[in-house]
Amino acid sequence: MHSSPELVALIQRDRERYIEHDHLARLAACVRACCSPSVIDRLARALRLAPTAC
């Protein structure tokens, strides 16, 4: 069994790992949101690539 200070240190390290993982997950989600094209961007790109009918 762990003594109280050791148990507190283990719990604190576990929380710090969780916070770091959560922070990285949020950062990755922001990067994906910024890098992925919106519906309007995809529509505009599709219309630019469509051949013009004469």
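Numbers for residues simply follow the sequence, beginning at 1. Everything numeric in this text was worked out from a predicted model, so none of it was measured.
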Sequence neighbours excluded, the answer for side chain to side chain donor-acceptor pair (under 3.5 Å) partners of Q12 is E16

Across all chains, not counting sequence neighbours, the side chain to side chain contact (heavy atoms under 4.5 Å, CB included) partners of D14 are R17

So salt bridge (Lys or Arg N to Asp or Glu O under 4.0 Å) across residues 25-39, not counting sequence neighbours, yields D22-R26

Quiz prompt | More than 12 heavy atoms from other groups under 6.0 Å of CG on L24 | solution = yes

